[in-house]
Amino acid sequence: MTDTPLPLIIDCDPGIDDAVMLIMAFLSPRLNVEAITTVAGNVPLAFTSRNARMVCERMGRADIPVHAGCPRPMARKMVTAEDFHGESGIAGMDVFDPKAPLAAGHAVNVLIDKLSASPKGGYTVIISGPMTNLATALIMAPHIAKGIRELVIMGGADTAGGNITPTAEFNIYADPHAAAIVFDAGLPTVVLALDATHQVRAEQARVDRIRALPGRNAALMADLLDAANRLELRWRPGMQVPMHDPSTVGWVLAPHLFQTKRCRVSVVTRPGKDFGRTRVKDGPRAPHRWVTVADADGFFALVEDLLKARA
Ligand code: RIB
Ligand code: CA
């Protein structure tokens, strides 16, 4: 990776783990978060958009434009996940009204404008929520694909099984038609599905190490992780919360912590027990890379290094 910070667009639905992901991205001097686009997902769009702006302000990055996007999935009825993120969508952080307003421009138009104006492969795009915004942008302006160096997606499940149904993971299940459009576009994509994120959990000892670090950023991250664990353990006793969305920034910053396999991912969009399920077909020349192994200790060492560097 060159010394020039990597141009990054993050499309998200904060969401506690989305917030942890954003904090990691803001702490790294190697990343240039040019824009945040928000989507309905964990909580309704008004809350995901407010929460993204809250994290930007709290981290001293109110300069980063936050553009609201699609307020509902493409075809299915909207589902949300307050059980795991709180009614605010960002349990662990006191809610306030961010000073910086939403940036002008619908997220879909901003994705089209930035990716169209980009040189070939100019942007890394992280999606950590339902893929409604990018799917809509790809339908409106298929040529924007040229502007994407790599798409890094948190979503899907194969061997791990689902977390919202026995076979489907939330981000895909919340808008399977959008996910199908994005995966079918054949973009160079790295997929951090539950198969990977379930290997990276916020065990209490790891959270305690973060809380012991100096500075407000470490305290905020520990508060978010403790809140996420409280909710996770209420609904899924026995296992600490997986680092779903933060694993995307982990990949971008430290791909050596992960192992992948080449494949083509498709999505079940027909109604039935497999609605929203991802199917993974291995193939050496396929466009997608499915993360199969994640180094949890290495990931949390990365998180600690980011927090120490910007205490
Ligand atoms: O299944 C986990 C995903 O769903 C994460 O992105 C979490 O934020 C929720 O959106
Ligand atoms: Ca998310």
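No hydrogens, no waters, no symmetry mates; every other heavy atom, side chains included, goes into these values. Just so you know, ligand 1 is whichever comes first in the structure, and atom 1 is the first atom listed for that ligand.
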(message) If you apply the rule salt bridge (Lys or Arg N to Asp or Glu O under 4.0 Å), what do you find for R206 with D297, and how did you get there?
(response) CA-CA 9 Å; R206 290 168 173 159; D297 289 334; 2.9 Å; yes
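- Close approach to F170 involves these atoms of ligand 1, each under 4.0 Å from a residue heavy atom: 1 (O), 4 (O), 9 (C), 10 (O).
- Checked by atom type, the side-chain pair W290/D158 shows no donor-acceptor distance below 3.5 Å.
- Counting only residues at least two apart or on different chains, the side chain to side chain donor-acceptor pair (under 3.5 Å) pairs with a member in residues 221-233 are Q204-D226, R211-D223, R211-D226, E232-R236.
- At a threshold of 4.5 Å between side-chain heavy atoms, the hydrophobic network of Ile, Leu, Val, Met, Phe, Trp and Tyr places I126 and L192 in one connected group.
- For the residue pair H143 / S116, a side-chain donor-acceptor distance below 3.5 Å is found, with atom types taken as modelled.
- Here the heavy atom of the protein found nearest to atom 3 (C) of ligand 1 is E169 OE2, 3.3 Å.
- At a 4.0 Å heavy-atom cut-off, ligand 1 touches N163 through the side chain alone.
- The closest side-chain donor-acceptor pair between N42 and H85 falls under 3.5 angstrom.
- Side-chain N/O atoms of N133 and T37 include no donor and acceptor closer than 3.5 Å.
- Below the 3.0 Å limit, the Ca ion (ligand 2) has as protein N, O or S neighbours D13 OD1, D18 OD1, D18 OD2, S128 O, D245 OD2.
- Heavy-atom contacts of D13 reach the following atoms of ligand 1: 10 (O) (cutoff under 4.0 Å).
- A heavy-atom distance below 4.5 Å is not found between the side chains of H67 and V108.
- Aromatic ring pairs are classed by plane angle as parallel below 30°, tilted from 30° to 60° and perpendicular above 60°; the pair F275 and Y173 is perpendicular.
- Taking atom 8 (O) of ligand 1 as the reference point, the nearest protein heavy-atom neighbour is D17 OD1, 2.5 Å.
- The distance from ligand 1 to the heavy atoms of D245 drops below 4.0 Å at these ligand atoms: 5 (C), 6 (O), 7 (C), 8 (O).
- Of the N and O atoms on the side chains of T48 and D13, not one donor lies less than 3.5 Å from an acceptor on the other residue.
- Residue contact check for ligand 1: G41 places no non-hydrogen atom closer than 4.0 Å to it.
- Of the polar atoms of D18, at least one N or O is found under 3.5 Å from an N or O of ligand 1, judged by distance alone.
- The backbone N or O of L187 sits less than 3.5 Å from a side-chain atom of T189, completing a donor-acceptor pair.
- The M154 neighbourhood of ligand 1 comprises atoms 2 (C), 3 (C), 5 (C), 6 (O), with distances under 4.0 Å to a heavy atom of that residue.
- Using a 4.0 Å cut-off between heavy atoms, I164 makes no contact with ligand 1 at all.
- Residue, atom and distance of the protein heavy atom nearest to atom 9 (C) of ligand 1 are N42 OD1, 3.0 Å.
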